[in-house]
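Notes to accompany the following structure.
This one's a predicted model, so the numbers in the text were calculated from it and none came from an experiment. Below, chains carry the letters A, B, ... as their sequence lines are ordered, and counting in each starts from 1.
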Protein chains: 2
Amino acid sequence: MSVPQHKAPTLRHVAHASQVSESTVSKIVNGTKRFSPEVERRVHEAIAELGYTANPHARSVITGKSRAIGVVVADILNPHFALLVKGINSVARTRGYTVLLTDSEESAEIESELLRELIPRVDGLIVATRLSQSAIEQFSKLRPLALTSRPSGVEHVPTFGADGRLAGQIIGQYLVQSGHRRVSYLHLRQGSEERLHGLRAAFAGTGVSLTVHLSGEPNIEGGVNAAGALLLGTERPDAVVAYNDLMALGLMAEAQKYGFNVPADLSVIGVDDIPYAALTSPPLTTVQLHSRQEGAHAAESLLNRIEGLEVPAYLPLHPQLILRGSSRVRVPESPGTPSGSSVTSQ
Amino acid sequence: MSVPQHKAPTLRHVAHASQVSESTVSKIVNGTKRFSPEVERRVHEAIAELGYTANPHARSVITGKSRAIGVVVADILNPHFALLVKGINSVARTRGYTVLLTDSEESAEIESELLRELIPRVDGLIVATRLSQSAIEQFSKLRPLALTSRPSGVEHVPTFGADGRLAGQIIGQYLVQSGHRRVSYLHLRQGSEERLHGLRAAFAGTGVSLTVHLSGEPNIEGGVNAAGALLLGTERPDAVVAYNDLMALGLMAEAQKYGFNVPADLSVIGVDDIPYAALTSPPLTTVQLHSRQEGAHAAESLLNRIEGLEVPAYLPLHPQLILRGSSRVRVPESPGTPSGSSVTSQ
DNA sequence: GTGAAAGCGCTAACAA
DNA sequence: TTGTTAGCGCTTTCAC
């Protein structure tokens, strides 16, 4: 079953084979200095012959750099994070960095453990965190950090992602304009209060009521589990907004099981615009957050910081309302769709 | 923005602070040898005081081990791979290994590049490959490999995952028994022929016709794009089977746009049982492949091999038909659902 | 242009 | 139980 692992050739072997010193080989491999064509040819030949590859660990010991970045996401099964990772990956690959990806399973404890393990191996990290401000501050002293998806308001630690408050506000405005009166919000315990604040701001002075329900898990299960409390109370909502699409999808499926007709009885709105949001019946109205670009921005910024380059200010990603079948206008007299450039109808 | 990075304390610092030799500290840190309580106390104190963490790179240079494994998946956005990774992660974490995850974006070229980059950094790799047998053989000489999801039939390289041929056979048998007569299969260009072989075997001698269509992309887009050719020919199928759930979901959504009623006009069946398969209308009939356990098995086996432990034979994962609303019996006279333990109705 | 020598942070014989 | 020594594979002055 097992194939014997001959130990890999080293610089010494290449140096011997090509009759030059180790330092010469090193400089040629790294492009640090140029040599006579004859020497370079011999060295390249020997490298090819022996199948030499530099040992990145030995290199890291000296340079103090690993050309690797760590990524900690809360749940790689969530397409928002998968897309974020794809954005990070593409940037990292083109710039010659390796990505060490880990999944914290939405646990602050696991997240800490992973960070401690990752930090000595990488030059910087991108983290969707659940940790406290003080914990983040501690870690950020050890390595450059970039935060995503869950703004924590820690100073000196750059945060990336679309404006959650604005996302909430866009949804709120749409609901107001489309005649909804009783809105329930499925909130995520920790983390971003921002989406909620945005909703509140949009509803201020409009007479629209907002009821907030809590869910521990920002996934399909979380939506399924919250559906009962959310939908079967005495005052039934005419719209529910969920912290993210997964929760909205779970919630909508469960609502339909209860016999609700979406959107006739109830509008359902999510956040993220994951690929599956377009495939349900009805397809889900949601707010696109540009997860992939969020990852790319975070990675670019982090790598620039690591390499001591200038870190440009990134254009904030603008949340965009994607109108689909899970929501509809409630009052015939106000059929206008909301105005503004942040709306796309599909 | 940037916080100064004081260079990390080393063994030397700890040795100094606690008045012992470097090798003593090393042995205490690694638990290699025991020392007097007094010395151990001093060393642990110094470690805590200085916030010392071992430099894993320096360690790797000497030991030749990195306590890291590499993972290459084809598309982390595909829940099958996300679950696979979760299975791998949980095993790796409990055994003290770090996971270096990368996404090859379904490209053999990128996959090769990633493998070359990963190999010198890790003790072994888990790969969902698109590479040729010979390429895989080459890589497997450099590091222990475990293959998943896409059996390649390379000798000496263990492969994990449910039996694809059996999955195809189970679907085929169900379709036969439920009275379908014209089946179209949406096949994935490269890789697993196994699911197709299983279907063929099940249809042999039954008079059920099988038409095979090709799709390059094993994702939602692939299903959407193939729908036209698959559904709008002269002889319309009464069932379509897709290589995986993503393709089936894309295909079903598109079929519904064309006006097909699923399952009245057409049964749609996928493979994987991704979480979203249960949320569409109708929910998708599919075959559960136990992706998470597949990942766990591959990781356990690989780590055992790396550590020179015995590598137990893993129980093959049995594909299980999950009957949902996207398929139904076609002929009144044969209303029986298929028998056997591999069927779960929901 | 090329090489000798020193040393990154750590582990592993081998002494004592 | 503790320390000394050597050296992993590599980069990096600094000479020639």
- [ ] Report the residues that fulfil side chain to side chain donor-acceptor pair (under 3.5 Å) with A:D123, sequence neighbours left out, ordered by chain and then residue number.
- [x] A:S66

TODO: Measure from NE2 on A:H13 to P on D:dG9 and round the result to the nearest Å.
DONE: 7 Å

Open item on the list: Does a side-chain N or O of A:S21 approach OP1 or OP2 of C:dT2 to a distance below 4.0 Å, or not?
Closed with: no

Task: Phosphate OP1/OP2 of D:dT2 contacted by B:R34 side-chain N/O (<4.0 Å) - done: no

Open item on the list: Does D:dG9 have its OP1 or OP2 closer than 4.0 Å to a side-chain nitrogen or oxygen of A:T10?
Closed with: no

Open item on the list: My understanding is that only one of B:R93, B:K86, B:R292 makes a salt bridge (charged side-chain N to carboxylate O under 4.0 Å, His left out) with A:D103; could you say which?
Closed with: B:K86

- [ ] Using modelled atom types only, decide if a donor and an acceptor are shared between the side chain of B:R305 and the backbone of B:L145 within a distance under 3.5 Å.
- [x] yes

TODO: In plain terms, say whether B:E300 and B:R95 are close enough for a salt bridge, that is, a side-chain N and a carboxylate O under 4.0 Å apart.
DONE: no

Identify all side-chain donor-acceptor contacts of residues 9-16 of chain B below 3.5 Å with residues at least two apart in sequence or on another chain.
| residue | atom | partner | partner atom | Å |
| --- | --- | --- | --- | --- |
| B:T10 | OG1 | B:R12 | N | 3.2 |
| B:R12 | NH1 | B:E22 | OE2 | 3.0 |
| B:H13 | ND1 | B:T10 | N | 2.8 |

- [ ] Determine yes or no for a side-chain-to-main-chain donor-acceptor pair under 3.5 angstrom, with A:E111 supplying the side chain and A:R130 the backbone.
- [x] yes

- [ ] State which residues pass side chain to side chain donor-acceptor pair (under 3.5 Å) with A:N55; sequence neighbours excluded, sorted by chain then number.
- [x] none

TODO: Take nucleotides 11-16 of chain C nucleotide by nucleotide from the 5' end and write B, S or -, depending on whether a protein heavy atom sits under 4.0 Å from the base, only from the sugar-phosphate, or from neither.
DONE: BBB---

Task: Near-strand residues of residues 35-45 of chain B, defined as heavy-atom separation under 4.0 angstrom from DNA chain D - done: B:F35, B:S36, B:V39

- [ ] Look at the side chain of B:V20 and decide which nucleotide, out of D:dG3, C:dG3, C:dG9, has an atom nearest to it.
- [x] D:dG3

- [ ] Applying salt bridge (charged side-chain N to carboxylate O under 4.0 Å, His left out), name anything that partners B:E38, two or more places apart in sequence or on another chain.
- [x] B:R41, B:R42

TODO: Please report, rounded to the nearest Å, how far the P atom of C:dG7 is from the CZ atom of B:R12.
DONE: 10 Å

